[in-house]
Amino acid sequence: MPSMRCDILLPKVQHSMSSPPANKGSLSADEIGPAVSEEMQAVPFIDVHTHLFMPSLGKVGLWGIDELVTYHYLEAEIFRFSPITPNQYWALTKREQADLIWRTLFVENEPLSEATRGVVATMAALGLDPSASTLQEARAYFEGRPLDRHIRHVFRLAGISEAVMTNDPLDPAEAPLWEQGAAPDPQFHAALRLDRILNRWREHWEALVAKGYRVERDLGGVTLSEVRRFIADWCRRMNPVYMACSLPDTFAFPEHSVRGRLLAEAVLPLCREHDLPLSLMIGVRYQVNPAIRLAGDGSGKADLRAVEHLCVQHPENRFLISVLSRENQHELCVYARKFSSLLPFGCWWFLNNPSVVEEVTRERIEMLGASFIPQHSDARVLEQVIYKWRNTRRTLAPILSNAYRLLAEDGRPVTRAGIKHGIERMFRTNFEGWLAPRKEHASAVSI
Ligand code: HDL
Ligand code: ZN
């Protein structure tokens, strides 16, 4: 069972899954809002899903102004504001792309969208001028910044103590770095990402053969035990805190398909064997517009009976679930009330906008109390955690304050300690407790 490397660089937050402290010092209705905002600022959050990389994987990590400005969320937007065609855009250099996006979305137009305003907020937080007519000043700022020190600075600005990466054992750029022994880092945790195996087996099975695993295209022979060996080898190499996969809106389980068999006969057993949660992010309509590449994915409503069947048929497994369709959120909350092995997390991707985050978080609190993980950043570029977590705190502080005000109105005194306990639970200990062996917690329950 991987130890959650928690020797974080921020002051150690002593927390446990204990019950809220006694109700001394109850707050007035007017004091609740400020107390919530202050505790949201004070508690260092854990970012449970990102595309960031620890320093020893530095060459695959993205950071700096040109990456911030060419984030695929902004690439989707440039084609709405500029006459440039995708083919013309992809023919540009990274700098030329960034200059075009900056001029079009930030100079010639007001950056009103969540993603463009995020760049503005990030630049302002770093002391850069978000009204600049060019990226010259910003480029100079990033040039020559030592990455390791920059990462610590950015995490402090974001108010996160650690981040979970997305690590693909079949990524030709990343895998060799692990095989050469990438040094771990206390502020980063690995997540073993399995999309190429579960979703694109027919394109990637030969990569396992090339690495000495006796697998076959149609899962014949000893394929499933060899896939289990492959996953076990990468668990030893990466020491992941969970395994993960994104899934289409058409995902079904059980299913007599390559994915259905690999999931049931390889991935789920290995999760049980290593006592690891499985993170499933469901509802992607992949490449609805391939011309715009990473920006070309869409969203679709999934049939969450697949989640129901997973929880019923595999009660020993633990599931971290995020869904991409707003229409699936309410039923995900209902399922979380049915299965304690299901931990909903985040307002993912197209849902990570205040108008949706407010609605989703309110219904989660109403149905689940503090037993969920409100947000992850999904950051692809290091500095994005600054705006994504700033926005999360700004959006959720009023939502949490409202929940505590209702509690006080209904007769239960609310204290700062109780607020702190709830925030720590939602942004830290729900996740940490999910990683610790559940059986340990079960034995700890006093009857
Ligand atoms: O599959 C995923 O982890 C998604 O988050 C995709 O990476 C997506 O492109 C994304 O970055 N969403 O925010
Ligand atoms: Zn992601």
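Order of listing sets the numbers, starting from 1, for every ligand and every atom in it. As the structure is a prediction and not an experimental result, all values here were calculated from the model.
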As a quick check of understanding, evaluate side-chain hydrogen bond (donor to acceptor under 3.5 Å, both in side chains) for R364 and S371, giving each step before the final call.
CA-CA 9 Å; R364 286 173 171 174; S371 68; over 6 Å; no

R362, CZ atom: more than 12 neighbouring heavy atoms under 6.0 Å:
no

For R285, does the CZ atom sit with more than 12 other heavy atoms under 6.0 Å from it, leaving out its own atoms?
no

Whether R393 engages the ring of F45 as a cation-pi pair (distance to the six-membered ring centre under 6.0 angstrom, angle to the ring normal within 45°) should be assessed.
yes

Row check, W90 ring normal vs R293 NZ/CZ: under 6.0 Å, within 45°:
yes

By residue and atom, what protein N/O/S atoms are less than 2.8 Å from the Zn ion (ligand 2)?
H49 NE2, H51 NE2, D378 OD1

Picking from F253, F319, F339, what satisfies ring pair (Phe, Tyr, Trp, His ring centres under 6.0 Å) with H314?
F253

Under 3.5 Å side-chain donor-acceptor pair for Q187 and R152:
yes

Taking only Lys NZ, Arg NE, NH1 and NH2, and the carboxylate oxygens of Asp or Glu, determine whether K94 and D99 approach each other closer than 4.0 Å.
no

Note: E308-R305 ion pair, threshold 4.0 Å (strictly below):
no

What are the distances between nitrogen or oxygen atoms of ligand 1 and protein nitrogen or oxygen atoms, counting only those under 3.5 Å?
from	atom 1	to	atom 2	distance (Å)
ligand 1	1 (O)	R193	NH2	2.7
ligand 1	3 (O)	H49	NE2	3.1
ligand 1	3 (O)	H51	NE2	3.1
ligand 1	3 (O)	R193	NH1	3.1
ligand 1	3 (O)	R193	NH2	3.3
ligand 1	5 (O)	H51	NE2	3.4
ligand 1	5 (O)	W348	NE1	3.1
ligand 1	5 (O)	D378	OD1	2.9
ligand 1	5 (O)	D378	OD2	2.9
ligand 1	7 (O)	H51	NE2	3.1
ligand 1	7 (O)	R380	NH2	2.6
ligand 1	9 (O)	H72	NE2	3.1
ligand 1	9 (O)	R380	NH2	3.4
ligand 1	11 (O)	H72	NE2	3.3
ligand 1	11 (O)	R380	NE	3.0
ligand 1	12 (N)	Y73	OH	3.3
ligand 1	13 (O)	Y73	OH	2.3
ligand 1	13 (O)	D378	OD2	3.4

